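Worksheet for the structure shown next.
We count residues from 1, following the sequence as given. Predicted model, so just to flag it, every value in this text is computed and none were measured.
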Amino acid sequence: MNPKSIKRCSGQTGPEHRLALSNAFDSWLSDLFDQAITSSKASSQDFALIAVGSYGRQELGPSSDLDLVLIHEEGVIPHEVAEKLWYPIWDEGIDLDHSVRSIPTAREVAAQDIKAFTGLLDIRCVAGNQELALELRNFILHDWRANAKKVLPQLSQLVIERRKTHGELFQLLEPNIKESYGGIRDAGILSHLGSTWLIDTPRTQWEVCKNFLLDVRDAMALSLSGDRLHMQ
């Protein structure tokens, strides 16, 4: 079953529907993972399938991509398991952002790419060896905090560039609700700032505002493509 066929239940709120969609994908991907492991004659203890980004936060909407990382133990050849996992997802026509990493490689990539780094801050284990996923999460959080003075200026620059490119959400007639300054992307950044332990997350209603924008995004996905809110 394609989990994207799930319909909104009567009376189900936006957050409840996003959680139900994420849980449905978890179940489906867990089955795919087990099949990939069995047919490859591999050990599930050598692998962990982790969700990152919006899927890691269980904020999937109707038009969301799946952001997945297949983590494997060092010395293990992961290609056969990866192929048997990714192809059924593509066959369902689901947009997939995927990578295959060992823990040292994942840390190296994060150290060189701020976007990859922040994505890994939202790690959630979907299937496989949970201890392996937890090990990666602990390393990533350690690296994020240890390098906060280096990564925060990079994060700030990303925000500045998006603000120039997409404008400020509250000032625009047709904002990009994800990329415009003050949009969904910036709600995630607030969480990343708090993870440094150097900055307090604002004691405001920002999470309520984020959920409202996510509800708008989900409603837009039923009739529009993209994240720009058009006046009509």
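Heavy-atom neighbours of Q157 CD from other residues, nucleotides or ligands within 6.0 Å: above the threshold of 12. Other residues, nucleotides and ligands contribute only 12 or fewer heavy atoms inside 6.0 Å of the CD atom of Q205. W90 CH2: more than 12 foreign heavy atoms inside a 6.0 Å radius. For E131, the CD atom is loosely surrounded, since the number of other residues' heavy atoms within 6.0 Å does not exceed 12. Atom CG of L198 sits in a crowded spot, with more than 12 heavy atoms from other residues, nucleotides or ligands closer than 6.0 Å.
Distance check: L214 CG to C209 SG gives 11.5 Å after rounding to the nearest 0.5 Å. One finds the CG atom of D227 at 9.0 Å from the CZ atom of R185 (value rounded to the nearest 0.5 Å). Separating the CG atom in L213 from the CE atom in M220 is a distance of 10.5 Å, to the nearest 0.5 Å. Interatomic distance, Q112 CD to F117 CZ, rounded to the nearest 0.5 Å: 11.5 Å. Put simply, CZ on R162 and OH on Y181 are 9.0 Å apart, with the number rounded to the nearest 0.5 Å. Atom CG in L121 sits 10.0 Å away from atom CZ in R57 (nearest 0.5 Å).
Cluster annotation: L141 is connected to I71 through the hydrophobic network of ILVMFWY side chains, with a link wherever side-chain heavy atoms come within less than 4.5 Å. Two different hydrophobic clusters hold L172 and V216 under the rule that ILVMFWY side chains link at heavy-atom gaps under 4.5 Å. Both V76 and L68 sit in one connected hydrophobic cluster of ILVMFWY residues. Membership requires side-chain heavy atoms under 4.5 Å apart, directly or through other members. Hydrophobic clustering (ILVMFWY, side-chain heavy atoms < 4.5 Å, transitive): I123 and I114 are in one cluster. The hydrophobic clustering, which links ILVMFWY residues whose side-chain heavy atoms are closer than 4.5 Å, places W197 and L152 apart.
The shortest side-chain heavy-atom distance between T165 and E179 does not fall under the 4.5 Å cut-off. L96 has its side chain out of reach of D65: every pair of non-hydrogen atoms, C-beta onward, lies at least 4.5 Å apart. Side-chain contact check for L193 versus L155: some heavy-atom pair is nearer than 4.5 Å. Counting heavy atoms from C-beta outward, V126 and W28 have side chains that stay 4.5 Å or more apart. Residues L229 and N176 have side chains not in contact (no heavy-atom distance under 4.5 Å, counting atoms from C-beta outward). The shortest distance between side-chain heavy atoms of L66 and D95 does not fall below 4.5 Å. Between F25 and L60, the closest side-chain pair of non-hydrogen atoms falls below 4.5 Å. Between I103 and F139 the shortest side-chain heavy-atom distance falls below 4.5 Å.
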Could you list the donor-acceptor pairs under 3.5 angstrom formed between side-chain atoms of residues 41-56 and any protein atom two or more places apart in sequence or on another chain?
residue	atom	partner	partner atom	Å
S43	OG	Q45	N	3.2
Y55	OH	D26	N	3.2
Y55	OH	D26	OD1	2.5

Working for salt bridge (charged side-chain N to carboxylate O under 4.0 Å, His left out), residues K210 and E59: CA-CA 11 Å; K210 178 189 73 172; E59 293 176 353; 2.7 Å; yes
Please determine whether side-chain contact (heavy atoms from CB on, under 4.5 Å) holds for the pair L29 and I89, giving the CA-CA distance in whole Å, both sets of side-chain angles, and the decisive distance to 0.1 Å. CA-CA 9 Å; L29 289 169; I89 300 173; 3.5 Å; yes
With side-chain contact (heavy atoms from CB on, under 4.5 Å) as the test, would you mind laying out the steps for V69 and H98 before giving the verdict? CA-CA 6 Å; V69 182; H98 66 288; over 6 Å; no
So S102 and T105, side-chain hydrogen bond (donor to acceptor under 3.5 Å, both in side chains) or not? Walk me through it. CA-CA 5 Å; S102 65; T105 302; 2.9 Å; yes
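Under the 3.5 Å distance criterion, the side-chain polar atoms of S64 are matched with a main-chain donor or acceptor of G61. In this structure, E174 contributes its side chain and M231 its backbone to a donor-acceptor pair below 3.5 Å. Looking only at distances, a side-chain donor or acceptor of S195 sits under 3.5 Å from a matching main-chain atom of S191. The backbone N or O of I177 sits nowhere less than 3.5 Å from a side-chain atom of S180 that would complete a donor-acceptor pair.
Partners of R228 under the salt bridge (charged side-chain N to carboxylate O under 4.0 Å, His left out) rule, at least two apart in sequence or in another chain, do not exist in this structure. Under the rule for a side chain to side chain donor-acceptor pair (under 3.5 Å), K178 has no partner lying at least two apart in sequence or in another chain. Under the salt bridge (charged side-chain N to carboxylate O under 4.0 Å, His left out) criterion, R18 pairs with D215, D218, not counting sequence neighbours.
Of all heavy-atom pairs spanning P62 and A221, the tightest one is CB-CB, 3.9 Å. The shortest non-hydrogen separation linking A133 to C125 is CB-CB, 3.7 Å. Nearest heavy-atom pair, L169 versus G183, reported as atom, atom and distance to 0.1 Å: CD1-CA, 3.8 Å. In plain terms, the two heavy atoms of A36 and V81 that are nearest each other are CB-O, 3.8 Å.
Applying the side-chain hydrogen bond (donor to acceptor under 3.5 Å, both in side chains) test to residues at least two apart or on different chains, none of the pairs has a partner in residues 69-87. The stretch residues 134-148 participates, sequence neighbours left out, in these side-chain hydrogen bond (donor to acceptor under 3.5 Å, both in side chains) pairs: R107-D143.
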